[in-house]
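Since the structure comes first, as structure tokens, the remarks are kept for the end.
Numbers restart at 1 for each chain; the letters A, B, ... are given by sequence-line order, proteins then strands. Everything quoted here is computed from the prediction, not taken from an experiment. Excluded from the calculations below are hydrogen atoms, water molecules and symmetry mates; all remaining heavy atoms, backbone and side chain alike, are included.
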2 protein chains.
Amino acid sequence: MSAPTLADVAELAGVSRQTVSNAVNNPDLLRADTLARVQQAIDELGYKPNRAARNLRTRASHLIGLRITPVQEGTASVVMDRFVHSLVEKSGEAGYHVLLFTDALEDDPLTGYDELLRSTAVDAFVVTDTYLGEGQAAWLRERRAPFVSFGRPWDDDNARHPWVDIDGAAGTELATRHLIEKGHDRIAWIGWKKDSVLGEERRSGWLRAMHEAGLPTTGLASRVEDAVNSGCSAARVMLAEAGPTAFVCASDTLAIGVMHTLAERGLQAGDDVAVVGFDDSQVAQTVWPGLTSVRQPLEEAAVELVKALEGLLATPSQVGPGVMLTPTLEVRGTSGPDRR
Amino acid sequence: MSAPTLADVAELAGVSRQTVSNAVNNPDLLRADTLARVQQAIDELGYKPNRAARNLRTRASHLIGLRITPVQEGTASVVMDRFVHSLVEKSGEAGYHVLLFTDALEDDPLTGYDELLRSTAVDAFVVTDTYLGEGQAAWLRERRAPFVSFGRPWDDDNARHPWVDIDGAAGTELATRHLIEKGHDRIAWIGWKKDSVLGEERRSGWLRAMHEAGLPTTGLASRVEDAVNSGCSAARVMLAEAGPTAFVCASDTLAIGVMHTLAERGLQAGDDVAVVGFDDSQVAQTVWPGLTSVRQPLEEAAVELVKALEGLLATPSQVGPGVMLTPTLEVRGTSGPDRR
DNA sequence: TTGAAAGCGCTAACAG
DNA sequence: CTGTTAGCGCTTTCAA
């Protein structure tokens, strides 16, 4: 009735338990015929090593912890969904499973880490949202907890942990150049408040592209909350005061807000005023006439993170350089026609 | 350097290892003063029981497995994101963590289950998408694997496992009644193909509400793929041939398609023609002028699933009745004004 | 109420 | 190349 153990397989194959263990973990140590015999016994019984026993012995769980935060209702971004899937897939290929956890206490992200760490439930963590400055990375480093971070060490100075990140500035630069090539010269930026490092980074890409092209930026930048309404009102003000012909936004949420305002003014998104968002959310994909948007290469990020994780767990001492990935641009209707 | 063990705590507290174990698992067995002494030692050392050792001994992992499938790009629904979060939160409160896995082989959902099951990596599974008829439930039951399903046993006949589901028909009925109350009498249905049990169920809610109100339904129903474009073309045909004043859709994706067609015809969603979607996706929440949509009570579902899970693991023999939850309606702009 | 002994299933180390 | 021994950290007897 209960699951077969090493001993069962050993008996059936007529070898010792250790030999079976070797057959599973170091097949090359066995003579071909022994291996075959053991293998057959394994198949016959449907044997799979017991995780708990193996974990206890090897002091590893082959689990990686990922903290998730609540879905932001009313915003367009669902980056997490895609990222989680990619991460699960890639870590599965490397023999790891992903264990999810949330904050036990409302506002303290660290309790969750602490619990899993102290109970040796996971081998490592994948840390996200490092830009929020919650000190997750610093805290983990202090405890010598193995982790890789999706997000560069913004605050953290002399961080010595592997990280993978996506170059937001490159994304907005791509978006802005795209609009410049379409013939726009008054391109507005709708971004987040100044305290958002991510927001400032994305803004810098717009700025760079504009400067490179010798285009004006004064009065063309706005910094607001990440909400549809904020996008609306920012666009209203911008249209009235600066007369832009295109908008680059820090998020799809803001871009949707801009589109609302255009509709309200009887302007056609794309034909009359171009709009580009950020995140390639499902909103961007489905809204009419399709919102051009910067897409983060999350699958790639997952690949790199798992690679870093494997390296970290294999040789904890040596930490490779951070990996910076470049987003792509998904061109859709709101890019509008060529204006030249 | 390494984590403290029972023995460390026992030594510090001057008791036996067993007493420490009891202090953790059966505190009421100890005399108050002993307990206090042990507790202090635990705190002092920051002791947490080692998961692997405990798992090995108790033959439990306190992990529940959840299979996730790729995000559907180009559709509006992101039900999974919200559901996963709720599930992680609720199971955390019950002392369980959620372990994610994907299909190793492209099209075989069972290999993932099999592997986790045979290696005793999880205590139970939460199965979703039972309507797809992949036979997950039947397969798991056959192996006597503990699981609860989010989704009633559609095909499965004499299923004897706990389940929680959301009454889709009640959702569309709610939506349809809402429109009837607004004064609509020609309300069209845009749903999925006939082979979708979920689609047929949702359709039946529309049908029921229409019949109850004595309204005609002939020529007012359409069955298409779940894609924005399909929603567009279905709406085009419907407007031309049946002249409905409102649409109830099986998904937000289809509803968005309908809205595209309205825009194309110069019709105002809400004011001219009402539209209701299903899933309360982020698209529904952000699109202009807000898409009225049926919202699944996923948080509640998670609560019930965890409750069922706890019951199942406590007393595997007795299985309670399935739990059917009722969705709510999120009313937004596309409901339009009162027409009476 | 507390302690001693045994063993869950596995693998690392070493002996043969 | 194969077998023996020991023990990972915990909990479940059972005895004191």
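Panel note: side chain A:N55, backbone A:R51; a donor-acceptor pair is recorded below 3.5 Å. No donor-acceptor pair closer than 3.5 Å links the side chain of A:D165 to the backbone N or O of A:M324. Between the A:N26 side chain and the A:L29 main chain, no donor and acceptor come within less than 3.5 Å of each other.
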Seminar exercise, completed: Under a 4.0 Å heavy-atom criterion, the protein footprint on nucleotides 6-16 of chain D, written with B, S and -, is BBBBBBB----
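Put simply, chain A comes within 4.0 Å of DNA chain C, heavy atom to any atom, from C:dG9 to C:dA13, going 5' to 3'.
For the helix from C:dT1-D:dA16 to C:dG16-D:dC1, the rotation axes defined at the first and last 5 base pairs enclose an angle of 30°, given to the nearest 10°.
Evaluated for a side-chain contact (heavy atoms from CB on, under 4.5 Å) with B:S61, the options B:T58, B:I64, B:L63 yield exactly one hit, B:L63. Under the side chain to side chain donor-acceptor pair (under 3.5 Å) rule, A:Y113 has a single partner from A:Q136, A:R143, A:R67, which is A:Q136.
Of all the heavy atoms in A:V24 and A:I42, the pair that sits closest is CG2-CD1, 4.0 Å. Scanning all heavy atoms of the two residues, the minimum distance from B:D167 to B:R152 falls at CA-NH2, 4.2 Å.
Contact check of residues 30-37 of chain B against DNA chain C (heavy atom, cut-off under 4.0 Å) returns B:L30, B:R31, B:T34.
Around the CD atom of B:E299, the shell of radius 6.0 Å holds more than 12 heavy atoms that belong to other residues, nucleotides or ligands. The 12-atom threshold is exceeded at CD of B:E93, counting heavy atoms of other residues, nucleotides or ligands nearer than 6.0 Å.
Every residue two or more places apart in sequence or in another chain was checked for a salt bridge (charged side-chain N to carboxylate O under 4.0 Å, His left out) with A:D129, and none qualifies. By the side chain to side chain contact (heavy atoms under 4.5 Å, CB included) test, B:R59 is found to be paired with no residue, residues two or more places apart in sequence or in another chain being considered.
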Problem set entry | Audit row: A:E310, A:K307, salt bridge (charged side-chain N to carboxylate O under 4.0 Å, His left out) steps and yes/no | CA-CA 5 Å; A:E310 289 186 288; A:K307 214 183 284 177; over 6 Å; no
